[in-house]
Amino acid sequence: MNLRLSPGSKDVRFTVKIEWVADGKYGSVTLNGDDQDRERDGFRVMGRRHSSSAPEGN
């Protein structure tokens with residue numbers, strides 16, 4: 001499975017929930033990025049506007 005994201009000029013955070021059925025059994029799992037860092041729950045994709053190393057507002 002491939003997941004393609006085009007955030008444009010946005011800064012996007014998200015999680016991915018996968019639900020499945022196999023041999024009559026149901027399951028689900030949520031992928032939320034780095035489990036070690038609870039403050040940063042989820043994945044992050046930044047658009048081109050955010051790719052500059054200059055501080056915002058300059």
Side-chain angles (χ1 to χ4, degrees):
M1 174 172 77
N2 293 321
L3 179 63
R4 292 180 177 234
L5 303 170
S6 298
S9 64
K10 304 294 184 191
D11 183 353
V12 180
R13 293 180 187 261
F14 64 97
T15 60
V16 177
K17 182 176 182 181
I18 299 172
E19 297 179 348
W20 51 269
V21 176
D23 293 330
K25 297 179 182 178
Y26 166 84
S28 69
V29 63
T30 300
L31 307 175
N32 62 358
D34 185 3
D35 288 335
Q36 302 297 319
D37 187 359
R38 295 291 179 198
E39 296 293 319
R40 198 193 68 137
D41 194 31
F43 295 97
R44 183 177 187 186
V45 177
M46 296 184 347
R48 290 191 177 266
R49 180 185 84 170
H50 298 283
S51 64
S52 172
S53 61
E56 194 145 330
N58 289 343

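Just so you know, residue 1 is the first one in the sequence shown, and it goes up from there.
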- [ ] Kindly determine whether Leu3 and Phe43 satisfy side chain to side chain contact (heavy atoms under 4.5 Å, CB included), including the steps that lead there.
- [x] CA-CA 12 Å; Leu3 179 63; Phe43 295 97; over 6 Å; no
Open item on the list: Quick check: closest heavy atoms across Val45 and Pro7, and the distance to 0.1 Å?
Closed with: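 That would be CG1-CG, 3.4 Å.
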Open item on the list: Count I, L, V, M, F, W, Y as connected when their side-chain heavy atoms are under 4.5 Å apart, and connections chain through other members. Are Tyr26 and Trp20 then in the same cluster?
Closed with: no
Open item on the list: For residues 19-33, which residue pairs pass the salt bridge (charged side-chain N to carboxylate O under 4.0 Å, His left out) check, not counting sequence neighbours?
Closed with: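 Qualifying pairs, neighbours excluded: Lys17-Glu19.
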